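The figures that follow rest on heavy atoms only: side chains count, while hydrogens, waters and symmetry mates do not. Because the structure is a prediction, the values reported are computed rather than measured.
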Amino acid sequence: QATPMNFLMMDIGTVEVLRGPQGTLYGRNATGGAINVTPARPTEDLSGYVNFSAGNLGTYREEAAVSGPVIGDKLLFRIAGMSEQSVGGYARNIATGGKLGTCHDSGARGGLELRPGAGITVRLEGSHPICRNSSDFWVNRQPFSAAQLALNPDFANYRISYDPRRPALDFTPEDRQDDKGVLLAASWDLTPHLNLRSSTSYTDLGYQRLHADCDGTQIPTCSSNRSDRSRSFQQEVDLKLKTSSLNWLLGLFYDNDLATAKQTFPWNNPAQGYVNVDDFPLPNGTQTEQISRQRTKSIAAFTDADLKLA
């Protein structure tokens with residue numbers, strides 16, 4: 001789950017910690033267990049809350065939610081939002097004086113729950129978390145060799161810091177994450193013992209890493225810019241039978257994912273006019289790229305049964 005954890009922990013209804021293989025109910029990545037975090041559901045009575053908390057490193061969190069009826073007990077709503085920022089940072093770039101390790105997460109989730117008849121429930125939910133931080137940096141703690149300094153004489157003109165809390169970087173990194181998701185879920189009690197459930201979801205996860213320092217020093221060589229996007233469509237249909245002696249589940253699952261990524265490395269050393277990489281001089285303005293595209297489709301059928309013998 002690539003969605004920021006600060007957002008996932010907003011307005012929680014229930015948390016389940018399940019040990020052992022959970023592939024039947026939670027998919028192919030749950031062989032060791034699963035943590036099932038469920039958002040709070042709409043309520044029949046008007047209710048809400050506002051929370052505020054503070055911590056070290058200039059950390060503040062605000063969270064609020066409101067829930068209640070739209071049309072009696074037939075149509076309910078719930079809206080929640082949060083904002084968390086850590087403005088103090090846990091490191092400082094001694095080359096620029098800028099703070100590192102800062103973050104600002106915010107997001108909103110809204111939902112409607114329709115109850116058109118006895119035993120029928122339809123839920124529509126949407127979410128939109130946004131994350132900004134300057135935590136994606138690293139420090140080169142290995143000194144340059146004599147051969148590297150000989151190939152790049154300008155490197156000797158810059159100070160090197162080996163302190164991860166006080167690095168000397170010529171670029172200030174910035175990470176941006178912008179996610180969107182929608183869920184349509186329906187449940188229908190066909191009989192007192194037989195339930196049909198459908199779940200349809202679409203998520204669009206976007207991530208950008210800007211101005212990441214390639215060499216982890218103040219030496220001007222290159223910055224790395226990366227852009228990732230992951231779009232996923234999932235459909236699941238379950239039929240569940242529950243009696244005094246038998247619990248039986250039969251389900252179908254379909255997943256269609258498209259992940260794309262592009263990373264660029266612009267090389268530039270104004271004083272030297274080039275950057276020598278592995279005895280190969282790259283003129284200023286040279287840009288290398290890494291591009292990937294991956295399509296994944298999954299189809300599964302599953303069943304699970306528990307029989308009470310005594």
Flag yes if more than 12 heavy atoms outside [X] fall under 6.0 Å of its [atom1] atom; otherwise flag no.
X      : atom1 : value
Lys242 : NZ    : no
Trp138 : CH2   : yes
Lys240 : NZ    : no
Phe52  : CZ    : yes
Ile35  : CD1   : no

Within this structure, what is the [atom1]-[atom2] distance for the pair [X] and [Y], rounded to the nearest 0.5 Å?
X      : Y      : atom1 : atom2 : result
Arg229 : Arg293 : CZ    : CZ    : 11.0 Å
Asn133 : Glu174 : CG    : CD    : 8.5 Å
Cys131 : Asn6   : SG    : CG    : 7.5 Å
Tyr49  : Glu63  : OH    : CD    : 3.5 Å
Leu194 : Thr243 : CG    : OG1   : 11.0 Å
Phe265 : Thr288 : CZ    : OG1   : 6.0 Å

Exam field: side chain [X] to backbone [Y], donor-acceptor pair closer than 3.5 Å:
X      : Y      : result
Asn256 : Lys297 : no
Asn269 : Gln272 : yes
Asp213 : Asp170 : yes
Ser86  : Thr102 : no
Asn93  : Ala95  : yes

For the hydrophobic clusters of this structure (ILVMFWY residues joined by side-chain heavy atoms under 4.5 Å, transitively), does one cluster hold both [X] and [Y]?
X      : Y      : value
Leu190 : Trp248 : yes
Tyr158 : Ile94  : no
Leu169 : Tyr90  : yes
Val182 : Leu184 : yes
Leu76  : Leu46  : no

Hey, is [X] close enough to [Y] for a salt bridge, meaning N to O under 4.0 Å?
X      : Y      : value
Asp178 : Arg176 : no
Glu125 : Arg109 : no
Asp306 : Lys308 : no
Asp204 : Arg231 : no
Glu289 : Arg226 : no

Starting from the C-alpha separation in whole Å, work towards a yes-or-no answer on side chain to side chain donor-acceptor pair (under 3.5 Å) for Glu84 and Ser106. CA-CA 6 Å; Glu84 181 170 327; Ser106 61; over 6 Å; no
Can you find a pair of side-chain heavy atoms, one from [X] and one from [Y], that are under 4.5 Å apart?
X      : Y      : value
Pro173 : Phe137 : yes
Asn225 : Gln208 : no
Tyr202 : Gln234 : no
Asp257 : Arg295 : no
Leu249 : Phe302 : yes
Asn276 : Leu282 : no
Arg197 : Ser199 : no
Glu62  : Ser83  : yes

His193 meets the side chain to side chain donor-acceptor pair (under 3.5 Å) criterion, sequence neighbours left out, with none
For a side chain to side chain contact (heavy atoms under 4.5 Å, CB included) check, start with the C-alpha distance between Leu205 and Tyr207, then their side-chain angles and the critical distance, and finish with the verdict. CA-CA 7 Å; Leu205 311 180; Tyr207 169 78; over 6 Å; no
Heavy-atom closest pair, residues [X] and [Y]:
X      : Y      : result
Tyr274 : Asn284 : N-OD1, 3.4 Å
Val139 : Pro164 : CG2-CA, 3.7 Å
Thr172 : Leu100 : CG2-CD2, 4.4 Å
Ser232 : Asp255 : OG-OD1, 3.4 Å
Ala64  : Val50  : CB-CG2, 4.1 Å
Ala261 : Asp228 : CB-OD1, 3.3 Å

Applying salt bridge (Lys or Arg N to Asp or Glu O under 4.0 Å), run through Arg78 and Asp11 and close with a yes or a no. CA-CA 10 Å; Arg78 189 176 190 93; Asp11 196 30; 2.8 Å; yes
Full working for side chain to side chain contact (heavy atoms under 4.5 Å, CB included) between Val66 and Ser47: CA-CA 6 Å; Val66 61; Ser47 62; over 6 Å; no
Test side chain to side chain contact (heavy atoms under 4.5 Å, CB included) on Met9 and Ile12 and set out the steps. CA-CA 6 Å; Met9 303 307 290; Ile12 295 175; 3.4 Å; yes
Taking only residues two or more places apart in sequence or in another chain, which ones pass disulfide (SG to SG under 2.5 Å) with Cys222? Cys214
Could you walk me through whether Asp215 and Thr217 satisfy the side chain to side chain donor-acceptor pair (under 3.5 Å) test, starting with their C-alpha distance in whole Å, then the side-chain angles of each, then the deciding distance to 0.1 Å, before giving a yes or no? CA-CA 6 Å; Asp215 54 46; Thr217 71; 2.8 Å; yes
With a 3.5 Å cut-off and no angle check, do the side chains of Asp175 and Ser134 form a donor-acceptor pair?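 No pair is found: no donor N or O on one side chain lies under 3.5 Å from an acceptor on the other.
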Checking Gln235 against Ser198 for the side chain to side chain contact (heavy atoms under 4.5 Å, CB included) test, could you report, in this order, the C-alpha distance in whole Å, the side-chain angles of both residues, the deciding distance, and whether it holds? CA-CA 8 Å; Gln235 174 65 56; Ser198 172; 3.1 Å; yes
Members other than Ile130 in its cluster, when Ile, Leu, Val, Met, Phe, Trp, Tyr link by side-chain heavy atoms under 4.5 Å?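 Hydrophobic cluster check, Ile130: no partners found.
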